[in-house]
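First comes the structure, then the notes that go with it.
We count ligands from 1, going down the list as the structure has it; atoms in each ligand are counted the same way.
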Amino acid sequence: MQTITLLGATGSIGVSTLDVIARHPDKYSVFALTAHTQIDKLAAQCQQFNPQYAVVADQKSASRLQLLLSDRQSQSGSSTEVLWGRESLCQVASDSAVDTVMAAIVGAAGLVPTLAAVEAGKKILLANKESLVMAGGLFIQAVADSGSVLLPIDSEHNAIFQCLPEDFKTSSNNGVKKLLLSASGGPFRGWTRQQMASVTPDQACAHPNWSMGRKISVDSATLMNKGLELIEACWLFDMPASLIEVVVHPQSIIHSLVQYVDGSVLAQLGNPDMRTPIAHALAWPERIDAGVADLNLFEIAQLDFERPDIESFPCLALASAAAEAGKNAPAILNAANEVAVQAFLDQRIGFMQISDVVEQTLNGQVLIEPESLLAVQEFDEQARLYSSAYIKRLEK
Ligand code: NAD
Ligand code: MG
């Protein structure tokens with residue numbers, strides 16, 4: 001039996017994870033579920049999975065959840081202890097009773113609890129790519145120090161993981177020449193900058209193939225998601241950005257590929273459903289049913305590929321440059337992007353201004369190697385202040 005803490009249980013990845021877990025009650029038990037604001041949803045999840053702990057953002061949310069649960073618990077006899085705040089997130093991520101932590105909080109907020117799980121030597125199922133983008137060097141060092149097992153949930157990275165030789169990290173590349181990172185191209189593939197200037201948040205969040213949270217949906221529309229994934233891949237597979245190529249593949253059936261020196265290219269295919277990488281990582285090195293429909297190649301019939309359009313989607317170029325620059329550039333990029341995406345979702349800036357905010361913020365900071373978590377948090381904070389001030393000027 002694997003005991004699991006699910007950070008970000010009420011999100012898109014959280015819900016898909018619970019769907020897979022529910023199919024295998026003999027294999028997985030839930031230790032803790034966490035959520036930020038969706039208290040009713042979390043209460044329903046607690047009722048179904050009966051975790052030992054539920055963690056929410058603040059005391060007010062905790063009281064509300066407690067009230068909802070006590071009504072239900074008096075009937076069912078179950079008992080979930082309600083906690084709140086960041087310390088509690090770290091506590092349930094590192095508790096000695098926990099084997100596996102699904103890191104599915106969105107954005108920089110995921111960094112500290114995910115690192116707590118890493119430091120406690122847990123098996124980490126990493127959906128929260130932002131934590132690796134912000135603090136890749138410290139994160140990977142912490143994985144090595146604690147002996148934690150790090151498995152990618154991002155569909156592209158999970159695909160690459162499946163196509164790489166098992167002993168890849170410890171060997172001298174095993175004939176791997178290049179990683180090919182799939183990108184759907186998002187809802188605005190083929191659009192000009194002019195066409196994208198007036199798109200709304202709802203248009204940006206309507207992804208053609210994947211159903212996801214709003215932040216990652218906007219990132220997919222700007223191609224910043226692919227940029228963050230490029231940085232994520234560098235850290236996960238210890239590869240330079242120059243050996244990772246983005247391939248736009250609009251059907252999202254091939255989730256990524258690995259090219260070998262002998263001309264072989266291995267790919268992982270599947271329907272675009274996050275339950276596949278989630279089930280893969282949960283059961284690894286075994287395989288379990290994920291509830292995903294069989295891939296029907298006859299129905300798909302055609303797979304297309306094209307180069308990314310970095311003229312119209314400057315976020316990808318900005319992220320590539322940050323990957324090359326290293327130091328705190330990815331952390332600055334990530335912070336500026338989070339602030340800009342929120343401002344776009346709040347309809348304070350236009351879609352094409354997201355890249356402006358990121359570029360200006362990167363230009364306005366000094367590049368320094370972050371030596372500690374505290375330093376990463378300071379760079380993150382400074383970049384957020386800079387971006388917010390720049391957005392205020394744009395609004396005038
Ligand atoms: P989401 O917005 O649907 O859910 C986010 C979860 O994080 C929620 O449970 C929310 O309560 C919690 N949360 C939000 N802010 C928080 C805070 N400040 N403190 C604590 N908890 C907080 O997001 P999602 O689409 O599930 O994505 C989660 C992560 O997985 C992101 O890093 C995303 O990039 C990554 N990811 C998602 C997908 C996908 O298909 N959705 C695919 C690949 C990677
Ligand atoms: Mg992805």
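- The Mg ion (ligand 2) has Asp154 OD1, Glu156 OE1, Glu229 OE2 as protein N, O or S atoms under 2.8 Å away.
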Using residues 147-157 as the side-chain source, report each donor-acceptor pair under 3.5 Å to any protein atom, sequence neighbours left out, with the distance given to one decimal.
residue	atom	partner	partner atom	Å
Ser148	OG	Lys122	O	2.5
Asp154	OD1	Lys129	NZ	3.3
Asp154	OD2	Lys129	NZ	2.9
Glu156	OE2	Lys226	NZ	2.9
His157	ND1	Glu232	OE1	3.4
His157	NE2	Glu229	O	2.8
His157	NE2	Glu232	OE1	3.2

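- In the hydrophobic clustering of this structure, Ile332 groups with Val376; members are Ile, Leu, Val, Met, Phe, Trp, Tyr whose side-chain heavy atoms approach within less than 4.5 Å, directly or through other members.
- In the hydrophobic cluster analysis, where Ile, Leu, Val, Met, Phe, Trp and Tyr join through side-chain heavy atoms closer than 4.5 angstrom, Val106 is grouped apart from Phe344.
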Under the criterion side chain to side chain contact (heavy atoms under 4.5 Å, CB included), I'd like the reasoning laid out for Leu223 against Ile310: C-alpha separation, chi angles, the key distance, then a yes or no. CA-CA 9 Å; Leu223 292 201; Ile310 51 171; over 6 Å; no
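- To the nearest 0.5 Å, atoms CD1 (Ile160) and CG (Leu236) are separated by 8.5 Å.
- Considering Arg189, His207, His249, Gln251 as possible partners of Ser184, the one that fulfils the side chain to side chain donor-acceptor pair (under 3.5 Å) test is His207.
- Contact residues for ligand 1 (protein heavy atom closer than 4.0 angstrom to any ligand atom): Gly8, Ala9, Thr10, Gly11, Ser12, Ile13, Ala35, His36, Ala104, Ile105, Val106, Ala109, Ala127, Asn128, Lys129, Glu130, Asp154, Met212, Gly213, Ile216, Met274.
- Ring-plane geometry between His24 and Tyr28 is classed as perpendicular, the angle between the planes exceeding 60 degrees on a 0 to 90 degree scale with a lower cut at 30.
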Carefully, step by step, assess Arg275 and Asp273 under the rule salt bridge (charged side-chain N to carboxylate O under 4.0 Å, His left out). CA-CA 5 Å; Arg275 291 176 299 174; Asp273 186 325; 2.8 Å; yes
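- Scanning for salt bridge (charged side-chain N to carboxylate O under 4.0 Å, His left out) contacts around Glu130 gives Lys215, with sequence neighbours left out.
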